[in-house]
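These notes concern the structure reproduced below.
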Amino acid sequence: MPNSMNKLERDVSSDFLLRLPIFQGMPRNEVIRFISSVHGNYASFDKGEFIGMEGEMISGIGVLLTGMASVFKENAAGERHRMATLKPGDIFGEVAVYTGEYWTASVMAEEPSAVLILPRQQLLHLNETAGAAVFQMNMLKLVSKKALKLNQKLEILSMRSLRRKLIRLFQIEWKSQKQNPLILPMNREELAEYLQVSRPALSRELMNMKRDNLIDFSRNKFYVSDQLAELE
């Protein structure tokens with residue numbers, strides 16, 4: 001669906017776009033000017049529809065405005081490995097936009113979704129404006145944070161047992177959130193996929209850790225014991 005200035009102004013006036021990390025530090029009128037200058041456009045997707053497919057040409061950076069989407073890779077056997085779940089405000093495609101021309105993973109709408117697309121060609125040839133400089137700095141921060149998250153995930157998955165994986169995950173989140181209980185940004189199914197284990201195995205180990213007084217939990221809230229925080 002083509003970009004609509006009325007919709008753009010409505011989104012910006014609602015402060016939704018202003019709260020997004022990619023536009024952090026940009027005044028309202030600068031956000032409108034920037035999106036218009038790069039020919040940002042809106043697109044809507046039905047549940048189960050591909051927003052982008054691995055190996056296809058990438059159109060640009062996507063910003064999920066409404067709905068929910070998943071990022072996944074598919075192996076030769078047709079099995080899908082979900083890499084991330086996207087919620088409103090999340091961006092995707094930024095690494096592929098700046099490193100190549102093709103989607104490096106597939107993105108699918110899990111429910112009816114609306115996306116703001118910032119076209120690749122315009123982003124690669126930004127004019128030297130204050131808004132462009134702020135946007136590029138914000139993108140650098142976001143890509144750096146994603147790289148850190150990826151390194152942390154690799155560290156967690158390198159642990160030999162599921163318990164060690166969970167302990168390292170809780171330790172990382174505790175240092176980051178600086179609160180107890182921790183609030184994990186994923187449900188049990190997503191956590192199992194993140195750790196690459198079955199959901200029953202995850203539930204069993206969480207109960208064992210609770211029995212051993214390492215954690216307590218209620219849904220996605222986890223109370224971490226001092227003993228767990230100090231484990232090596």
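As the structure is a prediction and not an experimental result, all values here were calculated from the model.
Pairing each heavy atom of Leu124 with each of Val97, the nearest pair is CD2-O, 3.9 Å. Considering every non-hydrogen atom in both Met53 and Trp103, the closest pair reads O-CB, 3.2 Å. The two residues Leu18 and Arg28 come nearest to each other via the heavy atoms CD1-NH2, 3.4 Å. In this structure, Lys87 and Asp90 approach most closely via the heavy-atom pair N-OD2, 2.7 Å. Nearest heavy-atom pair across Ala69 and Leu64 is N-CD2, 4.0 Å. Closest heavy-atom contact between Pro119 and Asn41: CG-ND2, 4.0 Å.
By the 6.0 Å contact criterion, CE on Met137 is open, its count of non-hydrogen atoms from other residues, nucleotides or ligands being 12 or less. The environment of CG in Asn75 is crowded: more than 12 heavy-atom neighbours from other residues, nucleotides or ligands sit within 6.0 Å. Around atom CE of Met159, more than 12 heavy atoms belonging to other residues, nucleotides or ligands sit under 6.0 Å away.
Contact check on Lys165 versus Glu205 returns no salt bridge, with no Lys/Arg side-chain nitrogen under 4.0 Å from an Asp/Glu carboxylate oxygen.
Val134 places none of its side-chain heavy atoms less than 4.5 Å from the side chain of Phe34. Counting heavy atoms from C-beta on, the side chains of Leu169 and Leu191 come closer than 4.5 Å. The side-chain heavy atoms of Asn208 and Arg211, taken from C-beta on, include a pair separated by under 4.5 Å. Residues Glu101 and Arg120 meet the side-chain proximity criterion, which asks for heavy atoms closer than 4.5 Å. Leu20 has its side chain out of reach of Val31: every pair of non-hydrogen atoms, C-beta onward, lies at least 4.5 Å apart. Taking 4.5 Å as the limit, some side-chain heavy atom of Leu65 sits within range of a side-chain heavy atom of Tyr42. Inter-residue side-chain proximity for Tyr102 and Ile58 is flagged as unmet; no heavy-atom pair is nearer than 4.5 Å. In this structure the side chain of Phe222 never reaches within 4.5 angstrom of the side chain of Trp174, judged on heavy atoms.
The main-chain N or O of Ile156 is never found under 3.5 Å from a side-chain atom of Arg168 such that the two would form a donor-acceptor pair. Between the side chain of Arg219 and the backbone N or O of Arg188 there is no donor-acceptor pair closer than 3.5 Å. Of the possible polar contacts, none joining the Asp216 side chain to the Tyr223 backbone as a donor-acceptor pair under 3.5 Å is found. The main-chain N or O of Val95 is found under 3.5 Å from a side-chain atom of Thr99 such that the two form a donor-acceptor pair. One N or O on the side chain of Asn187 and one on the backbone of Glu189 form a donor-acceptor pair closer than 3.5 Å. Remark: side-chain polar atoms of Gln24 are not paired, donor with acceptor, to backbone N or O of Asn138 under 3.5 angstrom. Here the side chain of Asn151 pairs no donor or acceptor atom with the backbone of Leu148 at under 3.5 angstrom. Of the possible polar contacts, none joining the Ser218 side chain to the Lys221 backbone as a donor-acceptor pair under 3.5 Å is found. The backbone N or O of Phe45 sits nowhere less than 3.5 Å from a side-chain atom of Ser113 that would complete a donor-acceptor pair. Not a single donor-acceptor pair under 3.5 Å links the side chain of Ser176 to the backbone N or O of Glu173.
Under the 4.5 Å side-chain heavy-atom criterion for ILVMFWY residues, a single connected hydrophobic cluster contains both Leu162 and Met207. Connection of Leu126 to Ile91 is established within a shared hydrophobic cluster, with ILVMFWY side chains joined at heavy-atom distances below 4.5 Å, either directly or through further cluster members. With hydrophobic clusters built from ILVMFWY side chains whose heavy atoms lie under 4.5 angstrom apart, Ile167 shares a cluster with Leu195. If you chain together hydrophobic residues whose side chains sit under 4.5 Å apart, Val224 and Met186 fall into the same group. Hydrophobic clustering keeps Leu228 apart from Ile183 (ILVMFWY residues linked when any side-chain heavy atoms are closer than 4.5 Å, directly or through intermediates).
Interatomic distance, Lys210 NZ to Phe217 CZ, rounded to the nearest 0.5 Å: 5.0 Å. Distance check: Gln122 CD to Ile61 CD1 gives 12.0 Å after rounding to the nearest 0.5 Å. Remark: Leu123 CG to His39 NE2 distance equals 11.0 Å, nearest 0.5 Å. Distance check: Arg199 CZ to Glu190 CD gives 10.0 Å after rounding to the nearest 0.5 Å. Of the inter-residue distances, the one linking Ser158 atom OG with Arg164 atom CZ reads 10.5 Å to the nearest 0.5 angstrom. Note: Ile215 CD1 to Met209 CE = 4.5 Å, rounded to the nearest 0.5 Å.
When the side chain to side chain donor-acceptor pair (under 3.5 Å) test is applied to Ser106, no partner is found at least two apart in sequence or on another chain. Residues that satisfy the salt bridge (Lys or Arg N to Asp or Glu O under 4.0 Å) test with Lys73, not counting sequence neighbours, are Glu54. In this view, Pro112 and Lys47 satisfy the side-chain contact (heavy atoms from CB on, under 4.5 Å) rule, not counting sequence neighbours.
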Assess the residue pair Leu17 and Leu116 against the criterion (side-chain contact (heavy atoms from CB on, under 4.5 Å)); give the C-alpha distance rounded to whole Å, side-chain angles, the decisive distance to 0.1 Å, and a yes or no. CA-CA 10 Å; Leu17 292 179; Leu116 168 65; 4.3 Å; yes
For side-chain contact (heavy atoms from CB on, under 4.5 Å), just list the numbers for Tyr98 and Val143, CA-CA rounded to whole Å, side-chain angles, deciding distance to a tenth of an Å, and then say yes or no. CA-CA 10 Å; Tyr98 289 109; Val143 171; 5.6 Å; no
Take Ile172 and Glu155, measure what side-chain contact (heavy atoms from CB on, under 4.5 Å) needs, and give me the verdict at the end. CA-CA 10 Å; Ile172 289 172; Glu155 179 188 357; 4.2 Å; yes
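Between Glu193 and the options His81, Arg82, Arg80, a side chain to side chain donor-acceptor pair (under 3.5 Å) holds for only Arg82.
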